[in-house]
2 protein chains.
Amino acid sequence: MKHLLPLRYIDVIARSGSIRKAADSLAITSTALNRRILAMEEELGVPIFERLPRGVRLSAAGEILIHHVRNQLSDMERVRSQISDLTGERRGHVSIACSQALLPFFLPNQIAQYRRAHPAVTFEVLVRDRAAAEQALVDMSADLALVFEPLRLMDFQILQRVRQPVYALMRPSHPLAQVETLRLRDCLRYPVALPTSQYGVRHLLELAVQRSSLTLQPVVESDSFEFLRSHALEEDILAFQIPIGLPIDTEGSDMVSRPLDIRDVPPGVLYFGQLRGRILPVAVSRFASQVLETLTHRFESD
Amino acid sequence: MKHLLPLRYIDVIARSGSIRKAADSLAITSTALNRRILAMEEELGVPIFERLPRGVRLSAAGEILIHHVRNQLSDMERVRSQISDLTGERRGHVSIACSQALLPFFLPNQIAQYRRAHPAVTFEVLVRDRAAAEQALVDMSADLALVFEPLRLMDFQILQRVRQPVYALMRPSHPLAQVETLRLRDCLRYPVALPTSQYGVRHLLELAVQRSSLTLQPVVESDSFEFLRSHALEEDILAFQIPIGLPIDTEGSDMVSRPLDIRDVPPGVLYFGQLRGRILPVAVSRFASQVLETLTHRFESD
DNA sequence: CATCCGTGCTGCAAAATTTGCATCACTAAT
DNA sequence: ATTAGTGATGCAAATTTTGCAGCACGGATG
């Protein structure tokens, strides 16, 4: 849609922080782009960007405007998609910001299921920590977010909340593999692998040890759950994960997972949400319904 | 804002039902306008308008689009207004669709009060019956609606609901002027003036007489409350009105108002609302808050 | 049935706008 | 001091938009 080209320009400049860089990625000259911005600022009567020696930054007015701009762009996508629906097609694009735990099983499974019904819908999955996920919603680089134990919740409209107890992950040969429900103090008698402190699982374990007299002394620490899991596959060590990050059927799996006793470690909460007040494109909305259904069916809501 | 000129074009064409007429009121040639529409339809891949021998009409796709278009236009106004706020001004425009009862006292009072604080804000008051008020919200010719006993409530987001018992209005010399609370059967012993059947007050009275064995036999009927009131001033006749249409202090008034017993006539409900899901411009939002405050303070909510 | 009026659409030339190049002025990092 | 990167600007070319005149069509009119 041509008429919102100026809006795309503003969006790209705001993201790249430089008119020249934006011009490159928009495949036009910086002159043209620069002048269009100047013209818009003229119309608006107020500068949209502050000029810095190394580029530009949104002004106060620009901050207000950018919200509107991104909304417009997104909303036009929704309109196009709805119009496509009229003519029989069903296209669309869904962008999801999520925690690492969703990567191995849950999201591939959900997306594959959705795409079986709607092959023309495309997906984008962005791994974001708890703070960045919300930011992705705000700047509309993501439509939906699935995050574990998020921090701030200003612009985050919760669609569903499910309880996620912490599970320990180990080789079948591990001494604890036979125990049905694990106590924290038993776990900590063995070497453990932990995610770094930015992650929700680590946070919950930290809280748990503070209540007891135990201490966390990880032999391996990483910001990659995939690495932690793989490492626990190599030596008799405990890794931790939440149910949504575990395979649905543990038959034939090379790892054993056992829940930690909730008296020791409180269950975390996985939040599924969108930007507050935003009207989602049809494809996104339908996919969200499916995820919501699955979450509700498979986990305890909180 | 130049970039949403095409959107204004679409809006005006949709309203006027003809490209040439729209072109006139937009002060451009029909050629230019026509070509822009053709270009947009090309971009969109779908016709926006159906071509009829006497003009154009929105197609199915156009119906979807026009919603988006009007939202965009309105939202940009909100952005401009918010940016103006940053630079110190406080401008804006508020358009209200309302029932006749609001005209003599309530709205003038509210608007005057608001304009004392914000003299640069302008107002527009459209008298609309119950169906047309909602339509005005939908096509965004009105920002807010204040209607008595509305019919459909699909796109109407209720901000407040207040109870409005029916009052009888008469000269101080009328025999019933001394009675504190009037019974319906007493009223109907005297000549009455009634609004036509499209109005809520009439509707409530009709309901009331159906429950009893009484009948309504108005000596005067009109679609103007002002006329009914004036006529009751001329002869000893009963008119009817709801509290919001009555002066606040009855001191020195040339008319007496007495409530009908709610056992006979159920109180009507006055609805204050906006278009569902719409983000209101700042000026509108602030005015709405003031009205809401007043309604809550002055009447029983329902 | 013939006429007429109002409609949207189109070819072509003029007008207006946008674009790109070369260049300037400026600032922070080197 | 130098350099590299930034946004702004004058001017001419390229592109887009506009307006005029006229066409084809279909319902209203008598």
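Lettering follows sequence order; numbering is per chain, from 1.
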Could you go step by step and tell me if A:Phe225 and A:Tyr199 meet the ring pair (Phe, Tyr, Trp, His ring centres under 6.0 Å) rule?
-> CA-CA 10 Å; A:Phe225 280 83; A:Tyr199 292 104; 5.4 Å; yes
Quick one: which of B:Asp143, B:Ile279, B:Leu159 gives a side chain to side chain contact (heavy atoms under 4.5 Å, CB included) with B:Gln274?
->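 Output: one option passes, namely B:Leu159.
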Do the charged groups of [X] and [Y] touch, with an N to O distance under 4.0 Å?
X	Y	value
A:Arg51	A:Glu41	yes
A:Arg70	A:Asp139	no
A:Arg202	A:Glu221	yes
B:Arg278	B:Asp75	no
A:Asp11	A:Arg15	yes

Around atom CD of A:Glu206, are there more than 12 heavy atoms of other residues, nucleotides or ligands at under 6.0 Å?
->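 Correct, the count exceeds 12.
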Atom CD1 of B:Ile13 to atom P of C:dT7: distance rounded to whole Å?
->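 Distance, rounded to whole Å: 13 Å.
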Length of the line joining B:Leu52:CG and C:dG8:C1', which is rounded to integer Å |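 Taking CG of B:Leu52 and C1' of C:dG8, I get 11 Å after rounding.
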Going 5' to 3' through nucleotides 13-27 of chain C and flagging B where a protein heavy-atom sits under 4.0 Å of the base, S where only the sugar-phosphate is that close, and - otherwise, we get -----SBBB-----S
What is the 5' to 3' range of DNA chain D, first to last nucleotide, that sits under 4.0 Å from any heavy atom of chain B?
->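 The contacted stretch runs from D:dT17 to D:dG27.
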Terminal helix-axis angle for the helix from C:dC1-D:dG30 to C:dT30-D:dA1, with five pairs defining each axis and rounding to 10 degrees =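 Axis angle across the helix from C:dC1-D:dG30 to C:dT30-D:dA1, nearest 10°: 30°.
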